[in-house]
Amino acid sequence: MIHFYLKFTHGVGGETSVIGKRIQALRKSRGWSLNELSERSGVAKSYLSMIERDKQQNPSIQVLEKLSHVFQIPLVELLPVDVVSTVDSENPYGLDEEWLEIAREAKLSGIDIEEFKQFVEYQRWKKIQDKKDS
């Protein structure tokens, strides 16, 4: 399985949103009005308009999923080519080997995911407390 990481960058010097233009082109190619796209996707007409006019440059993944479903295209086809990067499914977060080994050791030693999460939360809380005390 390949994971896709979305990194929205909006260009330099006020370049227009490629996502908004792509959605507008797909809508128009089907002969749909904004109202019809809104009804089909369940996304507010005003929000769609903001995306197309580049007033909303970072639509949520949920909205993009709804639109890709309505257009019957993979979600990644709504995005600019330079936004999508593929990552190895064995290490989707790009962790270095030391972090992966720590996770493996925790699992092998019988620490369940909830215990690990509690430990991480405790460490975050402790750092905040230490900063307050300094």
Side-chain angles (χ1 to χ4, degrees):
M1 177 178 191
I2 295 177
H3 295 267
F4 293 95
Y5 289 88
L6 308 180
K7 178 177 62 177
F8 293 103
T9 55
H10 304 295
V12 181
E15 291 178 17
T16 59
S17 170
V18 174
I19 296 170
K21 298 303 175 203
R22 177 81 172 123
I23 291 168
Q24 185 178 57
L26 286 164
R27 176 179 63 79
K28 288 182 175 182
S29 73
R30 287 160 173 76
W32 298 344
S33 65
L34 270 174
N35 194 49
E36 189 170 356
L37 179 56
S38 174
E39 289 173 4
R40 289 173 181 260
S41 66
V43 178
K45 178 181 167 182
S46 59
Y47 191 70
L48 291 169
S49 176
M50 287 174 46
I51 293 170
E52 286 189 4
R53 292 180 295 121
D54 202 26
K55 301 294 182 195
Q56 171 51 268
Q57 296 181 344
N58 198 9
S60 71
I61 193 72
Q62 292 82 6
V63 166
L64 294 176
E65 285 174 337
K66 288 178 181 182
L67 294 172
S68 70
H69 177 75
V70 168
F71 290 130
Q72 298 181 332
I73 62 172
L75 184 140
V76 296
E77 288 187 23
L78 291 174
L79 305 174
V81 174
D82 63 338
V83 170
V84 179
S85 62
T86 59
V87 177
D88 178 7
S89 63
E90 296 299 315
N91 188 4
Y93 299 104
L95 297 174
D96 63 33
E97 192 55 42
E98 186 176 12
W99 278 105
L100 293 171
E101 185 59 34
I102 289 169
R104 278 192 281 276
E105 285 179 25
K107 185 175 182 180
L108 291 173
S109 68
I111 297 172
D112 69 25
I113 196 89
E114 286 305 314
E115 290 173 312
F116 197 80
K117 287 178 181 177
Q118 288 174 359
F119 174 76
V120 171
E121 285 302 314
Y122 172 76
Q123 291 300 318
R124 285 184 188 143
W125 174 83
K126 190 170 184 251
K127 282 185 177 184
I128 291 169
Q129 298 306 312
D130 289 346
K131 285 182 182 178
K132 287 181 182 177
D133 293 341
S134 336

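One is the number of the first residue; the rest follow in order along the sequence. Note that the structure is predicted; figures quoted are calculated from it, not measured. Just so you know, these numbers use all the heavy atoms, side chains as well, and skip hydrogens, waters and symmetry mates.
The line from CD1 of Ile51 to CZ of Arg22 is 14.5 Å long, rounded to the nearest 0.5 Å. Rounding to the nearest 0.5 Å places CD1 of Ile23 at 5.0 Å from CG of Leu67.
Closest approach of Val70 to Ser41, counting heavy atoms only: CG2-CA, 3.5 Å. Closest approach of Glu52 to Lys21, counting heavy atoms only: O-NZ, 3.5 Å.
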Pair up each side-chain donor or acceptor in residues 31-40 with any protein partner under 3.5 Å, not counting sequence neighbours, and list the distances.
| from | atom 1 | to | atom 2 | distance (Å) |
| --- | --- | --- | --- | --- |
| Ser33 | OG | Asn35 | N | 3.4 |
| Ser33 | OG | Glu36 | N | 3.0 |
| Asn35 | ND2 | Glu39 | OE2 | 3.3 |
| Glu36 | OE2 | Arg40 | NE | 3.2 |
| Glu36 | OE2 | Arg40 | NH2 | 2.9 |
| Ser38 | OG | Val43 | O | 2.6 |
| Ser38 | OG | Lys45 | N | 3.3 |

Identify all side-chain donor-acceptor contacts of residues 114-127 below 3.5 Å with residues at least two apart in sequence or on another chain.
| from | atom 1 | to | atom 2 | distance (Å) |
| --- | --- | --- | --- | --- |
| Glu115 | OE1 | Asp112 | N | 2.9 |
| Glu121 | OE2 | Arg124 | NH1 | 2.5 |

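Using modelled atom types, no side-chain atom of Gln24 and backbone atom of Leu26 make a donor-acceptor pair closer than 3.5 Å.
A continuous path of ILVMFWY side-chain contacts below 4.5 Å connects Leu64 to Ile73, so both sit in one hydrophobic cluster. Clustering ILVMFWY residues whenever any of their side-chain heavy atoms sit less than 4.5 angstrom apart, transitively, puts Leu48 in a cluster other than the one holding Met50.
Under the side chain to side chain contact (heavy atoms under 4.5 Å, CB included) criterion, Ala25 pairs with no residue, sequence neighbours left out. Considering only residues two or more places apart in sequence or on other chains, Ser60 meets the side chain to side chain contact (heavy atoms under 4.5 Å, CB included) condition with Gln62, Val63. Contacts of Lys107 classified as side chain to side chain contact (heavy atoms under 4.5 Å, CB included), with partners at least two apart in sequence or in another chain: none.
Counting non-hydrogen atoms of other residues, nucleotides and ligands closer than 6.0 Å to CD of Gln72 gives a total of 12 or fewer.
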